[in-house]
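Report on one structure; see the data block that follows.
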Amino acid sequence: MPVFYPMGETTFGNINLFGVQATLPTYNLKPEMTNSIEIGGDFKFFMNRLGIDLTYYNALTKNQLLDVDVPTSSGFSVWMKNAGSILNKGVELQIYGSVIQSEKGFNWDAMLNWSTNKNKITELEGDMEELHITTMYGNYSEVSLMAFLDDEWGAIYGSNMEKNDAGVVLVDEDGVPIQTTDPEILGYVNPDWIGGLRNTFSFKGITLSALIDFRKGGDVFSWTKAVGQHAGILQSTVDDGIREDGMIVDAVYAEGTMLDLDGDGTAEDVSGLANQTRISASDYWRESRNWGELSIVDGSFIKLREIVISYNLPLSFITKIGLQNASVSVYGRNLALLYTHKSNDVHIDPEVSSGGTVSGSGMESYQLPPSRTIGIKLNVKF
Amino acid sequence: MRTKIITALFFIAMFFVSSCTKNFEEINTDPNNPSEAPLGNVFAYVIKDITARFGSAEMLHPASYVGHITKGFYTDVSNYIGPPSASLWNGTYRVTMSNANFVLRGAEEEGYNNLRGATLVLKAYAMQMVTDAYGQAPYFEAGLGSEGIITPSYDTEKEIYYDLLQQLEYANELLVDTAILGPLEFNDILYNGNIEQWKKFCNSLHLRLAIRISNIDESTASAEISKILNDPVKYPILESNSDNALLAYPGGEWVEPWTQYHKSINDNRMAKPLVDTLLNYADPRLAFYADTIDDGTYKGLEVGAQYTHLRSHSKIDALFVENELGPVFLMKYAEVEFIKAEAMMRGFAGGVAQDAYEAGITASCEEYGISSDDITTYLEGPEVVWADDINQIYLQKWISLFRQSWEAWAEMRRTDIPKLSPAVNSSVSGHNRPPFRFSYPDLEVKLNGANIPAAVVEDDHYWGYQIWWDTRTGVQ
């Protein structure tokens, strides 16, 4: 039986509307099975002042539950079923230590977390070679999130600039890059690795703690960038005087391009020659939505996630007023984005792309950055 | 002592086991996403969902093909850049069909014949829109994923039309106003449980289907139309504007779709073909459809052109784009009179075509509260006064179908009236008429491509082929 959702937050007039959900009811589901090997160790050195916690895992999940697209003409759009196997392997590392422990009461503790995960779709049901996870932009061939057999889950897939075998962009006789006829992989949403470093300094009753988070890789399809370029509102659309002087795309002419470059009055075949045709910035950027790679942002970042300064009130003072413990602290979260990749010229916070759901990963569309919070906290224990 | 304890533990264990089993269903049922829904609430959603077709996709596509309105700034879509919106396809199949099929099954089990009849009418209404836009399409196997049909086969327009006619015949039999209302008593947001009006809508839709195939299959069309018009007791049809099939929106979260779209992008303007016609005809409806520009005149924008500035061309009147409550019209009485007029002229039914023609115009004007004096004057106008010309009927129907653009587009393809050209800045060449049909959605091609008839060759997304009932010649 289909499952129903109430439609909307409020009644329509005074009627509650109920509709069949888009996911086709599952049947004959098999439990997911994971065979996993995990090797790890917890090492301690220098009288426990340095600790290393290292884990390697290799997990093959069979009967993986996947949302498989079905044509909407079936009355549904998704079918959740056992549709493949996924191999995950990775390393998790934690290093922690007391860098300084002074008799005068000054302490410095540090903790570093680091992890990396690689996955691969090793099997898909039947003769499927790809899974369409979600459409990010336009229609299927514009930009979609995909999973291909024998490849990493989470490929950003869409139309792009046509290139030759050497990877050089091809332009037509107008000097404008040519759009690929078939979509291609533009990036992958999973980061290469992620980590965090927390340093804690304490002296007498005062503690200062700072957390820095970082991530390497993890591509984001930025709708903000796509639309901003198309509309000509980003810095990149005016840089280097292209607004005033136009631009010559760094490219070669596509196969079969006929142009009169030598000025003899007749067009000759200029295939493979370096592009010499100047176009206006607006002619270029207006077309840019079809060239998916221009809207991909490398999601690497270093972020000052948190700083906390706290002060424990002296016991001698506290006991006098009948308390057991009291501390006051000032904290700030999401304080600064210390580094982003140069492809992030649209200045999005790469983390907002995660979106909370699987289908939201690697996709950013005009999201607000996470808010910076600064506060004061008073802890009192009677 | 020990035995007692063990016995006691045993019973305690039994208690937990049994209570656990007893509540299993309850514990494991998500109260927010029930697997059973009241038929009436799903039925109400089917109605509401069909009205969602009359939103941005209608404004972007058919409304500009028929020269009613057009985009004034973001004109890519007006000039056929990119594929058509898939929302008619996805909405109808994914939402209307899966929900309607559920209601039909439930209504049959419960013996709610009136609910069945009404749902069949809605399903026919929705599927006609799909086949009129796409031509061949999944029909008999559509929306049955929950019964294991994941990749439905395609049916021809003729097969679909023939079955829809039969379904409406059957729906009219099922709809009996002395029979039990069931869920229609409280959940009928279209007609408030008025079965007689459902019958009228059913048979009027039947007329719409029949007249559509009247050029390709005149004998069937003629037989169906005369059957209905000759027996008004068995086949009541819409008789006044109070019978109109319309859904008013409650506002708040639920905003009428044109207004909803207008809130996000308001570059739609009145198109030149309609404004020019209404000006030529001194049509009193112009003031209700369109706003004046600064100098107090009306000016339509050529389809595909960009406006020069925000106030250079007439906006659509607030009645249609700043009206959260709507309503959305599924079918109006005026259309029925125009169908009658055509049927009379072509000898499908007895009666005076002029009377029906004038009744259609009058009904259309009365929707806007235009006075009878003004209507009389209008009916005597040089272009409007009855001249025994079937094209007058077609043109008046085209005017009256403002904001029912899917139907207007289909009728324009059938009648070739008015004769319009493609958008002025069309991105594709070689066509002398606005689009013939929509290309199948990308995902449908990808996921169900094996079932798409091999003979269908898409042409510039919008021309493909002239669908079955489109018998125009010399068009491309």
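The sequence lines fix the lettering, A, B, ..., with proteins before strands; numbering per chain opens at 1. FYI, side chains are in, hydrogens and waters are out, and symmetry mates aren't considered; it's all heavy atoms of this structure. Computed from a predicted structure; not experimentally measured.
Remark: B:Y74 OH is loosely packed, at most 12 non-hydrogen atoms of other residues, nucleotides or ligands lying under 6.0 Å away. Heavy-atom neighbours of A:K163 NZ from other residues, nucleotides or ligands within 6.0 Å: above the threshold of 12. Around atom CE of A:M258, more than 12 heavy atoms belonging to other residues, nucleotides or ligands sit under 6.0 Å away. Within 6.0 Å of CD in A:E255 there are 12 or fewer heavy atoms belonging to other residues, nucleotides or ligands.
At a 4.5 Å heavy-atom cutoff, the contact between B:L144 and chain A is made by backbone atoms alone. Residue B:L247 touches chain A through its side chain alone, counting heavy-atom pairs closer than 4.5 Å. Heavy-atom distances place no part of B:A86 under 4.5 Å from chain A, backbone and side chain included.
Rounding to the nearest 0.5 Å gives a distance of 11.0 Å between OG of A:S73 and OH of B:Y134. To the nearest 0.5 angstrom, A:S74 atom OG is 8.5 Å from B:E444 atom CD. We find the CG-CG distance between B:N448 and A:D69 to be 12.5 Å, quoted to the nearest 0.5 Å. How far CD1 of B:I189 is from CG of A:L17: 6.0 Å, rounded to the nearest 0.5 Å.
With contacts defined as side-chain heavy-atom distances shorter than 4.5 Å, the pair A:F12/B:I47 does not qualify. Residues A:H132 and B:L443 meet the side-chain proximity criterion, which asks for heavy atoms closer than 4.5 Å. Contact of the A:L24 side chain with the B:I150 side chain is registered, since non-hydrogen atoms from C-beta on lie closer than 4.5 Å. Two residues are said to be in side-chain contact when any heavy atoms from C-beta on lie closer than 4.5 Å; B:K48 and A:M7 fail this criterion.
With hydrogens and angles ignored, the 3.5 Å screen pairs no side-chain donor or acceptor of A:E9 with any backbone N or O of B:E253. The backbone N or O of A:G75 sits less than 3.5 Å from a side-chain atom of B:R94, completing a donor-acceptor pair. Remark: side-chain polar atoms of B:N41 are paired, donor with acceptor, to backbone N or O of A:N16 under 3.5 angstrom. Checked by atom type and distance alone, the side chain of B:W254 pairs as donor or acceptor with a backbone atom of A:T10 at under 3.5 Å.
Considering all non-hydrogen atoms of both residues, A:I15 and B:F186 come closest at CD1-O, 3.0 Å. Here the closest non-hydrogen pair linking B:Y45 and A:G19 is CD2-CA, 3.5 Å. Listed here is the closest heavy atom pair of A:F18 and B:P38: CD1-CD, 4.4 Å.
Heavy-atom pairs under 4.5 Å with chain A peak, among B:N187, B:I149, B:V445, at B:N187. Contact count against chain A (heavy-atom pairs under 4.5 Å) is highest for B:P250 among B:G40, B:P250, B:A142.
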